[in-house]
Amino acid sequence: STNSSEGNSFLVPGATAATILMLGALHARRLYEDKKLEEARDKGIDMEFKPDVKATVMRFLPLRSISRCWGYLSSIELPIWLRPHVYKAWARAFHSNLEEASLPLDHYASLRDFFVRSLKEGSRPMDADPKCLVSPADGIVMRFGEIKGAGAMIEQVKGFSYSAISLLGTNSALPLIKEDNSSEDDSCFEFTSKLERKRSWWKVSLASPEVRDPAQRPVKGLFYCVIYLGLGDYHRIHSPADWNVSVRRHFPGRLFPVNERAARTIGNLYIENERVVLEGRWREGFMAMAAVGATNIGSIDLFIEPDFRTNRPMKTKLLFNSKPEERPYEPTNTGVALRKGDEVAAFNMG
Amino acid sequence: STVVLIFQAPMSNSSKEVSSASDFNFSVKRGDKIRVGEAIGR
């Protein structure tokens with residue numbers, strides 16, 4: 001008995017020190033890799049897609065359960081005296097701006113409440129140019145460009161692409177791309193509201209044949225922009241323009257991390273992860289916005305559909321069903337009208 | 001978490017290969033830090 005207790009008293013600190021050292025080494029390696037990645041990006045070097053063992057192992061982890069567990073832990077109510085310390089530590093670690101929070105720090109009961117905080121009035125002024133599209137979220141611009149080719153492929157990273165239709169769903173009204181990379185446009189009028197649409201209908205009906213000549217219409221292309229939200233970023237999503245959302249689709253799926261490293265190592269990342277797609281039209285035609293979840297940020301709330309929930313326990317065969325749950329918004333043909341800057345959704349912790 | 005935005009916008013007619021004032025142009029670069037309300041393109 002004495003021998004055994006002596007052995008334990010030696011082993012426990014040794015094992016703890018070894019674990020701390022190992023975690024420290026892993027963290028240092030991660031920081032080094034992140035720095036290398038940032039330097040490469042600054043030099044304009046495009047990192048190529050390269051699957052690794054870690055990505056393969058991730059497929060076998062119960063990431064949805066881990067995410068829900070994290071959500072449960074982060075929603076535990078903290079004592080009032082502890083709240084400012086925890087949130088300040090979080091802000092230091094992930095570079096959040098606490099001065100923008102709409103409430104005093106001790107008013108956020110849990111880390112989860114703090115994470116989805118709203119901002120003080122006027123913290124995010126909208127670009128007033130009516131011809132511009134604004135960013136729907138705080139984050140880093142990962143990719144952007146024109147969607148080209150009949151397959152309407154979007155580049156995840158150099159050497160790996162996924163199709164826009166897989167991201168949005170086969171029922172999507174995504175316009176077909178022609179040989180010259182322009183897209184089909186079935187409407188030659190703008191609309192942001194039912195009334196405006198009615199007015200435009202009159203404008204079109206009464207227009208002279210010259211105005212309706214297809215050659216006079218501007219050629220439309222399809223474009224995309226991918227924005228990655230870091231842990232310290234403000235996690236609410238706003239409307240990028242005045243537009244009408246006609247349908248919402250929910251794709252249950254995995255909850256892989258979606259950071260830059262994951263994008264480089266996990267194929268089909270955005271079309272395998274759980275996501276919510278809002279689709280509709282803006283003044284220039286088609287518009288869709290996909291909010292893609294991740295392990296930390298497992299669930300998505302929609303302010304235009306308060307009863308809607310994601311990241312719920314589900315049978316595996318339903319998780320990877322290619323047919324999403326779809327909900328058309330009323331009234332038919334116009335859906336929900338959103339103004340530029342309106343709050344649309346929020347990413348929750350877990 | 002990630003947001004992917006897909007949209008139609010005016011583009012140069014590829015047969016002319018001339019960009020005009022009515023074309024959509026991104027005003028961001030890859031790796032840029034962006035915030036809600038800032039223009040991503042015009």
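In what follows, every chain begins at residue 1, and chains take the letters A, B, ... in the order their sequences are listed. Heavy-atom basis, side chains included; hydrogens, waters and symmetry copies ignored.
For A/Leu278, no part lies under 4.5 angstrom from a heavy atom of chain B. Only the side chain of A/Leu168 comes within contact range of chain B, with at least one heavy atom under 4.5 Å from a heavy atom of that chain. Contact of A/Ile237 with chain B is made through the side chain alone, with heavy-atom distances under 4.5 Å. Residue A/Leu174 touches chain B through its side chain alone, counting heavy-atom pairs closer than 4.5 Å. With a 4.5 angstrom heavy-atom cutoff, A/Leu119 does not touch chain B via any of its atoms. With a 4.5 angstrom heavy-atom cutoff, A/Ile154 touches chain B only via side-chain atoms. The parts of A/Tyr228 that come within reach of chain B are both its backbone and its side chain, each placing non-hydrogen atoms under 4.5 angstrom from that chain.
Residues A/Arg236 and B/Val36 approach most closely at O-CG2, 4.3 Å, considering heavy atoms. Across all non-hydrogen atoms, the minimal contact from A/Gly221 to B/Met11 is CA-SD, 3.2 Å. The minimum heavy-atom distance between A/Val141 and B/Lys29, with the atom names listed, is CB-O, 3.7 Å. The shortest non-hydrogen separation linking B/Thr2 to A/Leu229 is CA-CD1, 4.2 Å. Looking at every heavy atom in both residues, A/Ser123 comes nearest to B/Arg35 through O-NH2, 4.0 Å. Closest approach of A/Trp282 and B/Ala9 over heavy atoms only: CZ2-CB, 4.4 Å.
Comparing A/Pro125, A/Gly145, A/Ala137 by how many heavy-atom pairs each has under 4.5 Å with chain B, the most go to A/Ala137. Ranked by heavy-atom pairs under 4.5 Å with chain B, the list A/Ala290, A/Ala294, A/Ala345 is led by A/Ala290. Of the residues considered (A/Asp129, A/Ile297, A/Leu133), A/Leu133 shows the highest number of contacts with chain B, using heavy-atom pairs under 4.5 Å.
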Checking A/Ile140 against B/Asp32 for the side-chain contact (heavy atoms from CB on, under 4.5 Å) test, could you report, in this order, the C-alpha distance in whole Å, the side-chain angles of both residues, the deciding distance, and whether it holds? CA-CA 6 Å; A/Ile140 293 174; B/Asp32 274 359; over 6 Å; no

Determine whether B/Arg42 and A/Asp127 satisfy the following criterion, side-chain contact (heavy atoms from CB on, under 4.5 Å), listing intermediate values before the conclusion. CA-CA 11 Å; B/Arg42 294 174 202 280; A/Asp127 192 307; 2.8 Å; yes

Verify salt bridge (Lys or Arg N to Asp or Glu O under 4.0 Å) between B/Lys33 and A/Asp233, making sure each step is shown before the conclusion. CA-CA 10 Å; B/Lys33 181 96 184 130; A/Asp233 288 325; 2.6 Å; yes

Go through the steps for A/Val226 and B/Leu5 under the test side-chain contact (heavy atoms from CB on, under 4.5 Å), then give the verdict. CA-CA 6 Å; A/Val226 182; B/Leu5 187 64; over 6 Å; no

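B/Gln8 and A/Ser183 are linked by a side-chain donor-acceptor pair at a separation below 3.5 angstrom, with hydrogens and angles left out of the test.
Residues A/Val277 and B/Val4 have side chains not in contact (no heavy-atom distance under 4.5 Å, counting atoms from C-beta outward). B/Phe7 has its side chain out of reach of A/Leu222: every pair of non-hydrogen atoms, C-beta onward, lies at least 4.5 Å apart.
Evaluated for a side chain to side chain contact (heavy atoms under 4.5 Å, CB included) with B/Val3, the options A/Ser135, A/Cys225, A/Pro136, A/Pro240 yield exactly one hit, A/Pro136.
Rounding to the nearest 0.5 Å gives a distance of 13.0 Å between CZ of B/Phe24 and NZ of A/Lys131. With rounding to the nearest 0.5 angstrom, the OG atom of B/Ser1 is 11.0 Å from the CG atom of A/Asn259. With rounding to the nearest 0.5 angstrom, the CD atom of B/Glu38 is 8.0 Å from the CZ atom of A/Arg124.
Aromatic ring orientation, B/Phe26 versus A/Phe144: tilted (interplanar angle from 30° to 60°).
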